[in-house]
Amino acid sequence: MYDVVIVGAGIIGASVARELSRYDLKVKVLDKENDVANGTTKANSAIIHAGYDPKNGTIMARVNVKGNEMFEDICKELSVPFKRNGSLVLAFSDEDLENVKELCENGTRNGVKDLKVLNKEEVLSMEPNISKEIKGALYAPTGGIVGPWEYTIALMENAVVNGVELQLNSEVTSIEKDENGYKIYVNNEKEPICAKYIVNAAGVYADKIHNMVGSADYDIIPRKGQYYVMDKSQGSLVEKTIFQCPNKLGKGVLVTPTVHGNLLVGPDAQDIENKEDVSTTSDALTFVRDKGVLSVEGISFRDGIRNFAGLRAYSTRPDFIVEEAKDAKGFIDLAGMKSPGLSSAPAIALEAIKLLKNTGCSLKEKKSL
């Protein structure tokens, strides 16, 4: 009998596993893939958002700002590449300028430090390769970039060293509730894995896992985003992460350096049905290219080295889902982890610990790790 089984070995599951490894618990992580970070985690923008965008008062706003503050120290502990390079949200019109002012005010309410609205001259002195068509920008110095796959691998390795078990190639096919907790069946095998508590961090499949134990409270809609990865010859075009004003589909096409010295351009946003579809299309990549050069005119797409697509887990609820299932005691949902899920992951892990404690999980810290 395990104390806690975590379903999902992406950034959220790995963050929870590392936090739980501090306690005297028997913990297992299950994932259907053959390695950690093989879902959304391996194919995203690798951005640590400052926290000005989420609506004030939401779970998303709280954990984004807290997670951002935690990232630097964790990356130092785990020797993971991280850089607090700052970010700019560009305004190309008077309407955009009003939007970035509202973002600045919202971010300040959220607790983001040192936000400032810059005029055109201030922005161009900071980033001379940005389009001369801009009218100003929101500057967030606390924004950052990270290696999300290295980060997740390091988290999980640390957790395993501290006693957490990792079981890959193990798709959860059904879950049964009983008087002791849960029986979890993987790969349709006859013998279950038994656990007192479950943490559902299954990404785009979180709704499927939830529905095995409770009523359908939410649906997960995969939102595909496609990217260009540029050669390192393009990596110095900008120092900061360059956003366009957000819209209802997300934060728009960004241009950002990576921690490895490349340049990343993307993503677009397309809601799809197939939760395994990470194909790229010429139409979507053309859209990304056209939008990218609006921000940074000098990008040479001839120096692209690859394209990729990732899926973001959008839920039918507007906020992150961080809660105990209403009709399944001891089942913790960490779902709908769209952007800024990566930025929020360290703080979401702390929220999961609180939820486990509140539902009866005994949390006794280990004397030594």
Side-chain angles (χ1 to χ4, degrees), residues 8-22 36-37 39-54 58-89 103 107-108 110-115 138-159 162 201 203 238-243 251 254 256-262 264 310 312-313 320 322 334 337-354 369:
I11 182 65
I12 303 297
S15 296
V16 175
R18 182 175 186 255
E19 286 299 327
L20 284 176
S21 75
R22 303 176 187 274
V36 304
T40 297
T41 300
K42 74 173 183 181
N44 58 54
S45 304
I47 300 301
I48 305 305
H49 293 280
Y52 51 76
D53 190 51
T58 60
I59 296 170
M60 194 180 297
R62 183 177 74 249
V63 295
N64 185 171
V65 175
K66 177 64 175 177
N68 176 290
E69 293 171 351
M70 296 172 68
F71 245 94
E72 193 162 0
D73 287 342
I74 297 174
C75 287
K76 285 180 181 177
E77 290 174 12
L78 299 176
S79 299
V80 171
F82 172 83
K83 183 178 181 181
R84 205 171 284 285
N85 64 320
S87 63
L88 292 167
V89 182
L103 286 175
T108 301
N110 289 348
V112 182
K113 298 176 182 176
D114 302 323
L115 290 172
L138 173 64
Y139 175 44
T142 58
I145 51 178
V146 72
W149 42 91
E150 297 102 314
Y151 182 73
T152 304
I153 291 167
L155 288 170
M156 194 64 77
E157 285 180 343
N158 191 203
N162 290 338
V238 291
E239 179 184 340
K240 294 166 181 57
T241 300
I242 311 301
F243 293 101
K251 298 177 177 65
L254 62 86
T256 185
T258 72
V259 291
H260 302 292
N262 301 89
L264 189 68
R312 290 155 281 178
F320 286 160
V322 182
L334 306 178
M337 296 298 157
K338 58 184 179 180
S339 176
L342 169 60
S343 313
S344 306
I348 290 169
L350 297 181
E351 296 282 325
I353 299 300
K354 291 178 185 177
L369 292 175

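Values reported hereafter were calculated over all heavy atoms of this structure, with side chains retained and with hydrogens, waters and symmetry mates removed. As the structure is a prediction and not an experimental result, all values here were calculated from the model. Nothing fancy with the numbering, it's 1 onward along the sequence.
Rounding to the nearest 0.5 Å places CG of Leu115 at 5.0 Å from OG1 of Thr108. Rounding to the nearest 0.5 Å places CG of Leu78 at 12.0 Å from CD of Glu150. Expressed to the nearest 0.5 Å, how far OG of Ser87 lies from CD of Glu239 amounts to 12.0 Å. Atom CG of Leu254 sits about 15.5 Å away from atom NZ of Lys240, to the nearest 0.5 Å. In this structure, CG in Asn64 is found 9.0 Å from CD1 in Ile48, a value given to the nearest 0.5 Å. Distance check: Phe82 CZ to Tyr151 OH gives 9.5 Å after rounding to the nearest 0.5 Å.
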Could you go step by step and tell me if Glu77 and Arg18 meet the salt bridge (Lys or Arg N to Asp or Glu O under 4.0 Å) rule? CA-CA 12 Å; Glu77 290 174 12; Arg18 182 175 186 255; 2.7 Å; yes
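Residues Asn44 and Pro148 form a side-chain contact, since some pair of their non-hydrogen atoms from C-beta on lies under 4.5 Å apart. Side-chain contact between Met60 and Pro340 is present, with at least one heavy-atom pair separated by less than 4.5 Å. Using a 4.5 Å heavy-atom threshold, the side chains of Leu20 and Ile353 count as touching. Between Ile11 and Met337 there is no side-chain heavy-atom pair separated by less than 4.5 Å. The closest side-chain heavy-atom distance from Leu264 to Ile145 is not below 4.5 Å. Proximity of Ser45 to Phe243: side-chain heavy atoms (C-beta onward) are nowhere separated by under 4.5 Å.
Counting only distance, with no hydrogens or angles, the side chain of Asn110 and the backbone of Gly51 share a donor-acceptor pair below 3.5 Å. Proximity of a side-chain donor or acceptor of Ser343 to a complementary backbone N or O of His49 within less than 3.5 Å is detected. For the pair Asn68 (side chain) and Thr142 (backbone), a donor-acceptor distance under 3.5 Å is present.
In summary, the side chains of Thr241 and Thr256 do present a donor paired with an acceptor at a separation below 3.5 Å, with no hydrogens or angles considered.
Enclosure of atom NZ in Lys66 is not indicated, since only 12 or fewer non-hydrogen atoms of other residues, nucleotides or ligands lie within 6.0 angstrom.
Taking all atoms of both residues into account, the shortest heavy-atom contact from Gly341 to Ile348 is O-CD1, 4.4 Å. For the pair Val146 and Cys75, the tightest heavy-atom approach, listed with the atom from each and the gap, is CG2-SG, 3.9 Å. In this structure, Asn162 and Ser21 approach most closely via the heavy-atom pair ND2-OG, 3.3 Å. Looking at every heavy atom in both residues, Ala50 comes nearest to Ala140 through CB-CB, 3.8 Å. Across Val259 and Lys83, no two heavy atoms sit closer than the pair CG1-N, 4.3 Å. Taking each heavy atom of Leu342 and Ala46 in turn, the nearest pair found is CD2-CA, 3.9 Å.
Residues satisfying the ring pair (Phe, Tyr, Trp, His ring centres under 6.0 Å) test with Phe320, not counting sequence neighbours, are none.
Ring geometry, Trp149 versus His260: the interplanar angle falls under 30°, so the pair is classed parallel (tilted spans 30 to 60°).
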